[in-house]
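Note that ligands are numbered from 1 as they come in the structure, with each ligand's atoms numbered from 1 the same way. One-based numbering along the sequence shown.
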Amino acid sequence: MDRIYLDNAATTPLSACAAQAMAPYMQAGVQAPFGNANSLHGVGREAFSALEDARMRVSRALGASRPDEVVFTSGATEADNAALLGMALGQRERRRLKGRTGGHVVMSRVEHDAVLHCAAALKRLGFEVSFAENDAAGRVSPEALEAAMRDDTLLVSIMAVNNEVGTVMDTAALAAVAHKHDALFHVDAVQALGKIAFDVRALGVDAASFSAHKVGGPKGVGVLYLKTRTPFEPLLVGGGQERGLRSGTQNVAGIVGCAAAIEHAVREQAAFAQRTRAWRDELYERLCAHPSVHAAVEVARGDESFAPHIASVCVRGMESQTAILQLDMRGICVSGGSACSSNSLDPSHVLAAMGVPRNLAQGLLRVSFGEYTERAHIDAFISAFEEVVS
Ligand code: PLP
């Protein structure tokens with residue numbers, strides 16, 4: 001039985017270009033490019049030049065002004081944590097030097113746990129955290145953000161694309177609201193990269209988080225884009241790598257794969273979006289024709305205010321876990337929202353924030369497309385789905 005993988009928002013298979021770029025680094029022995037990028041000798045310099053080449057390519061693909069605005073991390077969870085805590089601390093100190101007090105951070109209730117759980121850590125550090133209201137699609141409007149802003153707000157973090165239901169936020173407008181109030185703006189752009197046009201400079205953000213494994217790169221590698229002169233206290237301290245912004249010997253093999261995958265995803269973005277948006281529309285139409293199925297969000301045909309690669313529905317009277325396991329028995333991988341909460345029986349915090357009733361939210365199924373998804377997978381999924389829910 002061929003495996004049909006429709007859970008690309010959780011993770012993606014490696015892109016051929018990433019596998020190829022990493023292959024030399026996976027070889028055994030002293031002739032392989034295994035060096036520590038911080039060593040002075042030739043082996044180290046070889047690793048350093050691979051690292052800096054990757055940094056330059058990532059900075060171009062993201063639209064950064066300079067390569068040193070790219071900080072490599074162990075993934076988007078680390079990038080999110082570093083951004084939230086590091087920027088809040090940095091900006092509070094900068095304001096303190098100007099005689100200003102207080103420290104208020106705004107985020108949304110539909111953030112990934114990697115951002116949401118920073119709220120508790122921020123509170124332990126003496127910050128106040130509040131949430132901008134979202135609508136039934138999980139979208140935060142610039143007006144809603146405006147209403148959440150205070151004189152002492154120093155940081156706003158609102159994701160670009162929701163990972164459970166695909167809602168696209170107006171990142172440029174949200175960043176402008178934050179800046180009007182002299183606050184910094186961070187965006188978790190994990191599900192935006194390679195799916196919608198995304199250029200950090202054009203959007204005017206101060207910081208953005210990305211993850212390699214969501215775009216055909218290896219797991220355990222991510223990027224924090226940090227605009228030059230953004231106040232920031234490093235989360236990881238030690239050897240001073242990444243210009244002191246993130247200590248720890250760099251994972252050169254992973255970073256090289258990350259750069260190849262990000263370049264490829266950005267280059268292919270428009271074609272990918274066009275192809276998958278049509279599948280998304282068809283999937284919603286065919287699934288919602290079923291009496292027990294409701295779309296988690298109202299997505300019109302061709303709708304660009306939702307990501308092209310995600311279709312999320314709620315199946316009435318069936319728990320996500322049951323549907324996922326029954327589909328798995330038929331060789332099809334999908335998820336019940338975020339992979340991180342897939343072991344939990346609690347319905348998604350995103351659907352709760354959108355006002356979806358608990359009994360409906362418990363039947364959430366997320367189908368997400370990637371580079372290797374084919375048209376035929378949609379038909380195979382629909383027929384398996386019909387067996388499972390009938
Ligand atoms: N943010 C979003 C929106 C995500 O979808 C994910 C992945 O699940 C993350 C952050 C965390 O990324 P990573 O797995 O690289 O830590």
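With a 4.0 Å cut-off on non-hydrogen atoms, Glu78 does not touch ligand 1 at all. Contacts between Asp80 and ligand 1, counted as non-hydrogen atom pairs separated by less than 4.0 Å, involve the side chain only. In Val190, the part holding a heavy atom less than 4.0 Å from any atom of ligand 1 is the side chain.
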Please output the side-chain donor-acceptor pairs of residues 99-106 that fall under 3.5 Å, not counting sequence neighbours, one pair per line with the distance.
from   : atom 1 : to     : atom 2 : distance (Å)
Arg100 : NH1    : Asp182 : OD2    : 3.0
Arg100 : NH2    : Asp151 : O      : 3.3
His104 : ND1    : Thr153 : OG1    : 2.8
His104 : NE2    : Ser130 : OG     : 2.5

Could you pull out all donor-acceptor pairs under 3.5 Å where a side-chain atom in residues 16-32 meets a protein atom, sequence neighbours excluded?
none

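Not one N or O of Ala114 is nearer than 3.5 Å to an N or O of ligand 1, by distance alone.
Which parts of ligand 1 touch Gly75 is read off a 4.0 Å heavy-atom cut-off, strictly below it: atoms 15 (O). Every atom of ligand 1 is numbered from 1 in the order shown, and the set under 4.0 Å from a heavy atom of Gln191 is 5 (O). Contact atoms of ligand 1 toward Ser211: 13 (P), 15 (O) (distance under 4.0 Å to a heavy atom of the residue). Contact atoms of ligand 1 toward His213: 13 (P), 14 (O), 15 (O) (distance under 4.0 Å to a heavy atom of the residue).
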* Could you give me the CA-CA distance, side-chain angles and deciding distance for Val190 and His112, then say whether side-chain contact (heavy atoms from CB on, under 4.5 Å) is met? => CA-CA 10 Å; Val190 169; His112 188 272; over 6 Å; no
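Of the possible donor and acceptor atoms, one in the side chain of Ser312 sits under 3.5 Å from a partner among the backbone N and O of Glu164.
Using a 4.0 Å heavy-atom cutoff, Lys219 is absent from the residues neighbouring ligand 1.
Leu360 places a side-chain heavy atom less than 4.5 Å from the side chain of Arg316.
In this structure, Arg301 fails the cation-pi test against Tyr284, since its NZ or CZ atom is not both closer than 6.0 Å to the six-membered ring centre and inside 45 degrees of the ring normal.
In this structure, Asp379 pairs ionically with Arg286, as a charged nitrogen and a carboxylate oxygen lie closer than 4.0 Å.
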